[in-house]
Amino acid sequence: MPEPTLFDISKANRRGVRYPEPDVPEADFPQDFLREELPLPEISEHEVIRHFTNISQYNHGVDIGFYPLGSCTMKYNPKVNEDVARLPGFAFIHPLQPPETVQGALGLMYELQEWLGEISGFTDVGLQPAAGAHGELTGVLIIRAYHRDRGDEKRTKMLIPDSAHGTNPATSAMSGMEVVELPSDERGNVDLEALESECDDTLAGIMITNPNTLGLFDENIVEACQLVHEAGGLVYGDGANMNALLGTCKPAQTGIDVMHFNLHKTFSTPHGGGGPGSGPVGVVPELADFLPSPVVIRAEKGDEKNAPFYDFHVPEKTIGRVKAFHGHFGMFVRAFTYMISLGKEGLRDVAESAVLNANYLRALIKDSYNIPYDRMCMHEFVVQGEWEDAPDIQALDVSKRMMDFGIHPPTNYFPLIVHEALMIEPTETETKETLDEVAQVMNKIAKEAREEPETLKTAPHQTPFGRLDEVKAAKDLILNTSLPEDYGED
Amino acid sequence: MKTPSDLLYTKNDEWVRVKDNVAVIGITDYAQDQLSDVVFVEIVAFEDDELDQGETCAIVESVKAAADVYMPVSGKIIDINETLVDSPELVNEDPFGDAWLVKLELTDPGELDDLMDAEAYKNMERDDH
């Protein structure tokens, strides 16, 4: 039975909190501001707790079960990150405090910039962007500013492979660029011939994701970057899939000029459900002056007797501020904690285990699912949820059926270049036992698709709610503001 | 999959119905089937706009994906199908009829030669992925 809303269980005059007698003189609240009709539920404390605990249990998260949502890197977030983020010195400071009173926080931001730079090969890093797509926007604005600064205003063409995240073309369009889509070659790499034919003096750059959204390391990455550079363009790297590269490949050394990190994917800060992301941007020296302002610098190095002094710095040709204050600081603390607890060997293990897990699972299910571009994958892979002898079954049906086994569905219908795509990213978090079990479930579902398609078409059967009407949800929007009829008059 | 023989087709799965100097365009049965349930249609062209071949004239969004619809040929828009705003499901129900998207006056009839007939469209090679 669905959980009633708080309004449904509301009873007049029921209370959750009893206020003590006021110890200051009572004052009259201006009558104009009092509203009789404000519809707030009246409930007791334990009803509220039960309500939210109940609905939280309808949910699925990485703390509950397997969560192979491809491209999202739903890895386990170690709880020590939460402990550190709640230390009063981090949790209760204010972004407007003078730098000399928050040296610990600034030191952490400085070290995080340095470490992200070390991992990726970029010399300078800005932490402000609030999420991956925001990092992309920041990066493309930096590319635009770079060309304009040289007086080269005609460079407005941005090349984007057809396997890219949808945020790439959206970002370019928002920045006033003309988007040109590049095909992938038969191995899933950027098609170099198509790329070369677009290399002219209007080229602003290319947005490239490596490993790409097929989970494949782009074998043409170095040549692609060279071609773009020779034509005077810059290379933007979408760092969404950095989890596969930690400690094994520095994107800057492959020719990328500017790249965002997803702290919330690669460095285990919690995400999903819209929680705060964090999308720092790393750049090569030529672009350092364009970073969003401010960045954190170590103004005084310090010595045996004196602590170093950290301060804010405004880059000379900065594109300006892209986020209020200094970005999502709580995420910096969590990512920093994750990095320092793993160390450089540990981070390399993360990437290697993520790649091993993905290849292991791929090998276990490849006889039951068609795998386009069937070659060694990186941290994720794409299979097709369709079979010739199961004409009614779509990827969506496979996903819904997976929920019956306590597994979050993979990413559906992305990348767009694969029909009925199911994009699976197990992450390094999972054990061999879990992967074996998931493979068994997926192989069973592939068999059911042929033998009892109805079981898939009507799935899920074991969840608190069955198949939801996605068409109705997308089409018939009901907005309820509950505002009184005369709200806003006079 | 239906492929009416009196229409012309593009490799991006648009269809064109030409009468004299006027063309009506929409997306094919194959396209609507691939998209699955269409939940939103936005026609981004306005009446009297002159659009070139290949420019985006509409966006069709389903529960799976959003797809741009490109002008199969250049032309001046003379009518747009406003009923699709409230009834996007027509794209699934009647892709070659009620779900026409825009009507245009051809500005370069020679471009019709770039399009495929039904037989060629049916036999067009598709990437299997």
Side-chain angles (χ1 to χ4, degrees), chain A residues 162-163 165-167 169-170 173 178-181 183-188 191 212-214 216 369-374 381-388 391-397 399-400 411-423 467-477, chain B residues 1-2 10-14 27-45 51-71 81-95 98-99 124-129:
Chain A
D162 58 7
S163 61
H165 293 108
T167 46
E178 178 210 348
V179 175
V180 175
E181 185 178 279
S184 303
D185 70 13
E186 72 284 352
R187 286 181 61 77
D191 187 315
N212 65 22
T213 63
L214 296 160
L216 302 174
Y369 291 82
N370 185 38
I371 303 185
Y373 312 101
D374 188 13
F381 60 101
V382 178
V383 306
Q384 294 179 277
E386 63 176 356
W387 295 268
E388 263 174 32
D392 293 333
I393 296 296
Q394 300 183 313
L396 184 73
D397 304 315
S399 284
K400 297 289 184 190
T411 296
N412 276 220
Y413 302 119
F414 184 79
L416 300 174
I417 54 174
V418 176
H419 278 183
E420 300 298 326
L422 291 168
M423 186 195 214
R467 181 77 66 109
L468 302 176
D469 186 343
E470 303 196 7
V471 177
K472 195 173 165 59
K475 222 163 68 176
D476 299 337
L477 302 179
Chain B
M1 215 66 70
K2 286 185 227 125
T10 69
K11 64 176 174 31
N12 294 318
D13 305 300
E14 290 105 5
I27 68 168
T28 65
D29 196 19
Y30 175 85
Q32 70 78 19
D33 184 65
Q34 285 296 311
L35 281 167
S36 78
D37 294 302
V38 172
V39 293
F40 185 66
V41 176
E42 183 184 8
I43 298 178
V44 293
L51 295 181
D52 288 337
Q53 187 177 35
E55 278 194 81
T56 301
C57 61
I59 299 162
V60 178
E61 192 176 324
S62 75
V63 287
K64 276 191 200 174
D68 282 359
V69 180
Y70 305 110
M71 293 282 282
N81 187 357
E82 281 167 14
T83 56
L84 296 178
V85 175
D86 290 325
S87 307
E89 67 279 359
L90 288 174
V91 177
N92 297 115
E93 291 164 5
D94 191 11
D98 289 345
M124 179 175 75
E125 252 185 67
R126 287 185 188 278
D127 192 341
D128 263 350
H129 297 316

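Because the structure is predicted, anything quoted here is derived from the model rather than measured. Sequence lines set the chain letters: A, B, ... in the order given, protein chains first and strands last, and positions in each chain run from 1. Just the heavy atoms: all of them, side chains too, but no hydrogens, waters or symmetry mates, feed the values below.
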Tell me, do A:E470 and B:K64 make a side-chain contact under 4.5 Å, heavy atoms counted?
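Not in contact.
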Would you compute the distance between atom OH of A:Y413 and atom OG of B:S36 and round it to the nearest 0.5 angstrom?
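The OH atom of A:Y413 sits 6.0 Å away from the OG atom of B:S36.
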Could you tell me whether B:E61 and A:K475 make a salt bridge, using a distance below 4.0 angstrom between a side-chain N and a carboxylate O?
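No, no charged N to carboxylate O under 4.0 Å.
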